[in-house]
Amino acid sequence: MQLLKILGQRSSEEVIFTTTGKENSRKPKHGTKFRGSNYRGVSANGKSWQVFIVIGGKKSYAGTEATQEKAAALYDKLAIAFHGMKAKTNFSYTKFEVCE
């Protein structure tokens, strides 16, 4: 309810959620192979990517996706639903995209 009230005060093209920049800039240390994901809440699981989100201080499994990008989008959707305006997302969103 509070999310919709806040969204109503913004133009439809204004970006509401933005990335922090930190989660998309992960690089391996010298001499090591990077095997993780470049996205928040996403980790490799064989040939698929699994999604985890922290809710109430507990890490919860949310499912698997075929690509990192799809898994990151699923994480974003869950983060916005559970954490509202304070959600840290992987991608930037407009009011129109959040309301869909």
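Through direct or relayed side-chain contacts under 4.5 Å between Ile, Leu, Val, Met, Phe, Trp and Tyr, Phe52 connects to Tyr61. Here Ile55 is tied into one hydrophobic group with Val51, Ile53, Leu74, Tyr75, Leu78, Phe82, each link being a pair of ILVMFWY side chains closer than 4.5 Å.
Under the side chain to side chain donor-acceptor pair (under 3.5 Å) criterion, the residue pairs touching residues 64-73 are Ser37-Gln68, with sequence neighbours excluded.
Nearest heavy atom pair, residue Asn90 against residue Arg40, reads OD1-N, 2.7 Å. Residues Ala71 and Trp49 approach most closely at CB-CB, 4.0 Å, considering heavy atoms. Between Ala87 and Ala79, the shortest heavy-atom distance links the atoms CB-O, 3.5 Å.
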